[in-house]
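A short worksheet on the structure shown next.
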Amino acid sequence: MSVRDILEGRLTEKEVELRGWLVTKRSSGGVQFLMIRDGTGRLQCTVHKDEVGEKIFQKTDKLTQESSLTLKGIVKVDKRAPDGYEVKVRDLQVIQLAAQDYPLSKKEHGIDFLMDWRHLWIRSSRQAAILKIRAEVIKACRDFLDEEDFTLTDSPIFTPSIVEGAATLFETPYFGDKAFLTQSGQLYVEATIAAFGKVYCFGPTFRAERSKTPRHLTEFWMVEPEMAFFSFEDNLRLQEEMVSYIVKKTLEKRSKDFEVLKRDIKPLKKVEPPFDRISYTEAIEILQKNGYSIEWGEDLGLPHERTISLKFEKPVFVHRYPARTRAFYMQPDPVDSKVALCADLMAPEGYGEIIGGSERIHDLKLLEQRIEEFGLPRKAYEWYLDLRRYGSVPHSGFGLGIERVVTWICKLKHIRETIPFPRTMTRIYP
RNA sequence: GCCGUCGUAGCUCAGCUCGGUAGAGCGGCUGGCUGUUAACCAGUCGGUCGUAGGUUCAAGUCCUACCGACGGCGCCA
């Protein structure tokens, strides 16, 4: 028996037993009002002195916030209850009387304080709603890819070498040697496509960048599909279908949580294929017309991404960035080799990039040349070059940042609330 | 890493301009209230004012350094 069952009206006038936690308690003389949370929802329970007797009433009176308890009673429909239903308590047992100094009050707290108490903060309805939506986003990613006949092939977290060369990696001892925590599983899924055709990896990734922004974590989760024989265009089509699926499923399954967050879902309902596509070159022109002093060849910062994103109602692809500024493995555009066949997907409502993807170089000679141009240690990439020696095929893939998607879908100001225990440059506790 | 703002009770903050020995609300505790909705009412507990140094008869308040947090930028998918 759960609070959800009661709120859905299935147990009215029935005797129920609930197990959960005391969210808050109010009283008015001989009646006490307990707000109980059991993981499926919240429900008001009433304890009447003249019905339960002095002993139980005293026990209830001594309950502290977040005490765990079991209670029995009858489910009643009552207009005075916050959700229309309440349980009239007959008996109550305390599992553990919580210490009286529970640090989180109903009033405001600062973010640093809340993060220090993150292990308790996740009990709050707002944080729980965000994490429920996160869980749904993850499930939608997996369901979508599984239904599209993808095979999950997870990549290692300990890696021997730098993947893209640029970003800072976390280093850790490894039996007398050094290892690095992965910053992308992409190179490894490029290997598994030759066994399975369409694959993805899904796991945590680590970046030791000293980024202090509302959209960076040092540890975050990424889903990285990789598809044999997929052209650049095929790749974009898959991305817009997947993102639309995620949004649709999340709206469908977690509408209550969006209400808790007071998230206006109208913009989300517009998310369906096809998404708009603009080239990097067009993006630069748009930005210049909007008064930015940015030249072709420069990378886009958050203000730029935001400006672009706000011009579209749906997510928008910005494609064909200058090849020089992009990763070594990206396929040059056959029409103009100055740009790469890559695209970033910008979430709407001023949120920036949520996906980065590209067609990969499948020609051995070209890849060898790029590794040299980028000054990468050739030896570390021999296995990766093997993939171009033995049955190389054109292929494409992308990486979708789970937390960035959740930040956008929930319309949050900061990414740190989208993961149960965020890791940032300055926080590793709790 | 750079720029800005901030650091006073468990929490959120006022007090700093103009130096004179610390305040509110919330939470906790005690009591009251038989339908509360961030309940309400009364009482009560609670602070070496981030740290170190300096100026001064006197520093929460002025000065310097450091530490920490937050916001923005940079780095970065």
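Proteins get letters first, then strands, A, B, ... in listed order; numbering begins at 1 in each. Everything quoted here is computed from the prediction, not taken from an experiment.
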Looking only at atom [atom1], what distance separates [N] and [M], rounded to whole Å?
N     : M     : atom1 : value
B/U48 : B/C57 : P     : 28 Å
B/C73 : B/U36 : C1'   : 49 Å
B/C49 : B/A42 : C1'   : 30 Å
B/G7  : B/U44 : C1'   : 29 Å
B/G15 : B/C62 : P     : 12 Å
B/G53 : B/U17 : C1'   : 25 Å
B/G28 : B/G10 : P     : 15 Å
B/C6  : B/G43 : P     : 36 Å

Grab the [atom1]-[atom2] distance between [X] and [N] for me, whole Å please.
X        : N     : atom1 : atom2 : result
A/Arg126 : B/A38 : CZ    : P     : 17 Å
A/Asp116 : B/A69 : CG    : C1'   : 10 Å
A/Leu300 : B/C76 : CG    : C1'   : 13 Å
A/Phe170 : B/C75 : CZ    : P     : 19 Å
A/Ile354 : B/C76 : CD1   : P     : 21 Å
A/Met115 : B/A69 : CE    : P     : 13 Å
A/Gln65  : B/A38 : CD    : P     : 15 Å
A/Arg215 : B/C76 : CZ    : C1'   : 9 Å

Looking only at atom types and distance, does a side-chain atom of A/Thr24 sit under 3.5 Å from a main-chain N or O of A/Met35, one as donor and one as acceptor?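 It does not hold such a pair.
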When you measure from the side chain of A/Ser68 to the backbone of A/Gln96, do you find a donor-acceptor pair of N or O atoms at a distance under 3.5 Å?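 Yes.
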Does A/Arg416 place a side-chain N or O at less than 4.0 Å from the phosphate oxygens OP1/OP2 of B/G71?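 Looking at the OP1 and OP2 atoms of B/G71, one of them is under 4.0 Å from a side-chain N or O of A/Arg416.
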Is A/Gln100 close enough to B/G27 that one of its side-chain N or O atoms is under 4.0 Å from OP1 or OP2 there?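 No, because none of the side-chain N or O atoms of A/Gln100 sits under 4.0 Å from OP1 or OP2 of B/G27.
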I want to confirm an ordering. Mapping A/Gly356 and A/Asp78 to their closest nucleotides on RNA chain B, which one lands closer to the 5' end? A/Asp78
Between A/Tyr102 and A/His48, the residue closer to the 5' end of RNA chain B by nearest nucleotide is A/Tyr102
On a plain distance test, is the side chain of A/Gln44 in donor-acceptor contact with the base of B/U36 below 3.5 Å? yes
Quick check: any donor-acceptor pair below 3.5 Å linking the side-chain of A/Ser27 to the base of B/C33?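 Flag set: donor-acceptor pair detected.
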Which one, [options], comes nearest to the side chain of [X]?
X        : options             : result
A/Ser105 : B/C70, B/G27, B/C76 : B/G27
A/Lys212 : B/U36, B/G74, B/U12 : B/G74
A/Phe33  : B/C11, B/G35, B/C76 : B/G35
A/Thr426 : B/C29, B/C2, B/A69  : B/A69
A/Asp112 : B/C73, B/A69, B/U36 : B/A69
A/Arg210 : B/G35, B/G1, B/C11  : B/G1
A/Glu209 : B/U34, B/G72, B/C76 : B/C76
A/Asp50  : B/C11, B/U34, B/G72 : B/U34
A/Arg207 : B/C76, B/C70, B/U34 : B/C76

Would you say the side-chain atoms of [X] and [Y] include a donor-acceptor pair closer than 3.5 Å?
X        : Y        : answer
A/Gln127 : A/Arg118 : yes
A/Arg360 : A/Ser358 : yes
A/Tyr329 : A/Glu190 : no

Would you classify [X] as touching base, sugar-phosphate or nothing, given that sugar-phosphate means primed atoms plus P, OP1 and OP2, and contacts are heavy atoms under 4.0 Å?
X        : answer
A/Ile355 : nothing
A/Gly110 : sugar-phosphate
A/Glu86  : base
A/Pro82  : base

Find out whether the Lys NZ or Arg CZ of A/Arg388 is both under 6.0 angstrom from the six-membered ring centre of A/Tyr384 and within 45° of the ring's axis. yes
Any chance the rings of A/Tyr200 and A/Phe144 have centres within less than 6.0 Å? no
Taking the six-membered ring for Trp and the full ring for Phe, Tyr or His, determine whether the centres of A/Tyr188 and A/Trp383 are under 6.0 Å apart. yes
According to the Watson-Crick and G-U wobble definitions, with both distances under 3.5 Å, which nucleotide is paired to B/G31?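 Its partner is B/C41 (Watson-Crick or G-U wobble, both distances under 3.5 Å).
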